[in-house]
Amino acid sequence: MLEQKEQEVARNLDQAVQEFREKYQQPETRREFDIYDPEGLKKDRPARVCDDDPRCGPASLQKFAGEDLSEKERKKLQVEMTKKYLSEQKAERQREQAQKKYADNLDYKKRVELDERAQYLSLMEEECRKAIDMATTNFNQALALEAEERKKLLKQQEQNNNFAEIYNNLTGDILTEDPAVAISCLSPQRVLPDRWKGMTPEQLRVIWDAQEKQRQEKQRLIEEEKQRDSEWDKQRMLAARAAMTMEQQEEELNKNMRKRLDSYNQQLSREQQAHLRYLEKDVYTNNPTAHYHTQFNTTSR
């Protein structure tokens with residue numbers, strides 16, 4: 001028990017000594033604590049407080065010639081200049097986009113106008129072709145009707161000629177051989193060959209008249225054929241003239257379109273050259289020189 005009490009007393013004494021040391025004998029209260037203070041460098045005053053520190057002489061090795069003392073102001077100015085340059089680039093890009101949009105709009109309107117013109121010309125060409133086809137159809141129908149009428153007329157005339165020939169053969173002197181002397185006594189339709197004296201002038205005149213009519217009819221058919229050929233040549237000439245007129249109109253239209261397109265391209269070229277001159281004279285007037293880039297990376301800091 002005494003040993004335990006002594007141990008407890010010694011322990012209490014050691015504890016009291018330790019608490020006294022922790023409370024009144026801390027290392028930072030010692031006189032030589034600044035010699036081995038582990039936080040001494042952190043607590044010490046820096047070797048250079050500012051650019052105008054009087055302690056920074058030539059031997060301090062804290063201040064050197066050529067240092068960028070106005071780095072903050074320079075960087076701030078560079079940031080402002082970069083912002084301004086980016087704003088100008090953005091505005092320039094917006095202007096270029098607006099100009100491109102305007103040029104695309106003009107090009108779209110021009111192509112729409114050309115398409116409408118092409119559709120109009122195609123419609124006119126189709127109408128002209130329809131008119132030519134209708135005129136050709138009407139002409140062919142007229143020719144067909146004329147040919148049909150001519151066939152009917154020729155058939156009727158041939159039939160009439162056949163009837164006339166039959167009648168002439170039946171009633172003329174060719175077969176009867178002058179009925180007054182060549183009529184048989186057995187039958188009035190019978191002829192006596194030994195009494196036939198040949199054809200009379202009247203009979204010959206009838207034959208000549210028939211031949212003349214045939215010749216005139218043939219001449220009339222030839223004239224009609226020539227007239228039909230002439231009419232057909234005239235129609236072909238009119239069609240060729242119409243096609244040539246359309247081709248000339250199309251060439252004139254293409255020529256005008258090419259002139260307008262050339263004028264439009266020249267106008268675009270002038271506008272682009274004026275824009276380039278504006279950029280060279282008014283926008284890009286303060287280009288950085290080689291001396292400006294030599295100011296960077298001149299020190300180790």
Side-chain angles (χ1 to χ4, degrees), residues 93-161 210-280:
R93 189 179 296 109
Q94 290 178 354
R95 285 195 298 271
E96 290 179 356
Q97 290 178 356
Q99 292 178 358
K100 184 176 182 300
K101 184 177 181 181
Y102 178 71
D104 292 340
N105 190 15
L106 289 179
D107 183 62
Y108 174 75
K109 290 182 179 179
K110 188 66 177 179
R111 285 189 282 105
V112 169
E113 181 181 357
L114 294 177
D115 292 339
E116 292 178 353
R117 184 64 178 174
Q119 291 179 358
Y120 175 72
L121 291 176
S122 178
L123 182 61
M124 289 183 60
E125 184 179 0
E126 185 66 24
E127 291 180 355
C128 184
R129 188 181 296 108
K130 287 181 180 179
I132 293 174
D133 293 339
M134 186 178 295
T136 304
T137 303
N138 295 331
F139 180 72
N140 292 332
Q141 290 178 355
L143 289 178
L145 292 176
E146 183 180 358
E148 187 68 22
E149 291 295 331
R150 186 169 60 253
K151 288 180 180 179
K152 291 181 179 179
L153 181 61
L154 290 175
K155 185 177 180 180
Q156 184 66 31
Q157 185 176 2
E158 184 178 0
Q159 188 176 3
N160 294 334
N161 291 333
Q211 290 178 351
E212 182 65 22
K213 288 181 180 180
Q214 291 178 356
R215 188 188 63 79
Q216 292 177 359
E217 181 64 21
K218 185 176 181 180
Q219 185 67 26
R220 186 182 66 82
L221 294 176
I222 293 174
E223 293 294 333
E224 289 180 356
E225 184 70 21
K226 289 182 180 180
Q227 185 177 1
R228 184 170 62 254
D229 294 339
S230 177
E231 190 68 25
W232 179 250
D233 293 337
K234 185 178 180 181
Q235 290 293 331
R236 285 187 297 181
M237 185 178 296
L238 291 176
R241 288 180 179 177
M244 186 179 297
T245 302
M246 289 181 61
E247 185 177 358
Q248 291 177 355
Q249 292 178 356
E250 185 176 359
E251 290 179 356
E252 186 68 22
L253 178 61
N254 293 331
K255 184 178 180 181
N256 294 331
M257 289 172 61
R258 287 194 297 271
K259 287 183 179 179
R260 293 179 181 177
L261 185 59
D262 293 340
S263 176
Y264 177 70
N265 291 332
Q266 291 176 1
Q267 182 180 359
L268 288 180
S269 178
R270 289 194 297 270
E271 291 179 357
Q272 186 176 8
Q273 292 177 0
H275 181 66
L276 292 176
R277 287 195 299 271
Y278 169 72
L279 291 178
E280 293 176 356

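No experiment lies behind these values; they were computed from the predicted model shown. The first residue in the sequence is number 1, and the count goes up from there.
In this model, a donor atom of one side chain and an acceptor atom of the other lie less than 3.5 Å apart for E223 and Q219.
Rounding to the nearest 0.5 Å places CD of Q216 at 12.0 Å from CG of L221. The NZ atom of K213 sits 8.5 Å away from atom CG of N161, with the distance rounded to the nearest 0.5 Å. Between atom CD of residue Q227 and atom CD of residue E224 there is a gap of 7.5 Å, rounded to the nearest 0.5 Å. Atoms OH and NE2, on Y278 and H275 in that order, are 8.5 Å from each other to the nearest 0.5 Å. In this structure, I222 CD1 and R220 CZ are separated by 11.5 Å, a value rounded to the nearest 0.5 Å.
Applying the side chain to side chain donor-acceptor pair (under 3.5 Å) rule to pairs touching residues 144-153 yields nothing, sequence neighbours excluded. For the side chain to side chain donor-acceptor pair (under 3.5 Å) condition, the pairs that include at least one residue of residues 125-141, sequence neighbours left out, are E125-R129, E126-R129. Among residues at least two apart or in separate chains, ring pair (Phe, Tyr, Trp, His ring centres under 6.0 Å) pairs with a member in residues 227-271 are F139-W232. Applying the side chain to side chain donor-acceptor pair (under 3.5 Å) test to residues at least two apart or on different chains, the pairs with a partner in residues 101-110 are K100-D104, D107-R111.
Remark: Q157 CD is packed, more than 12 non-hydrogen atoms of other residues, nucleotides or ligands lying under 6.0 Å away.
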Give every donor-acceptor pair under 3.5 Å between a side-chain atom in residues 243-263 and any protein atom, sequence neighbours left out.
from, atom 1, to, atom 2, distance (Å)
T245, OG1, R241, O, 2.7
N254, ND2, E250, O, 3.2
N256, ND2, E252, O, 3.2

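Salt bridge status for E212 with R215: present, with a side-chain N to carboxylate O gap under 4.0 Å.
Applying the salt bridge (charged side-chain N to carboxylate O under 4.0 Å, His left out) rule to E271 yields no partners; only residues at least two apart in sequence or on another chain are considered.
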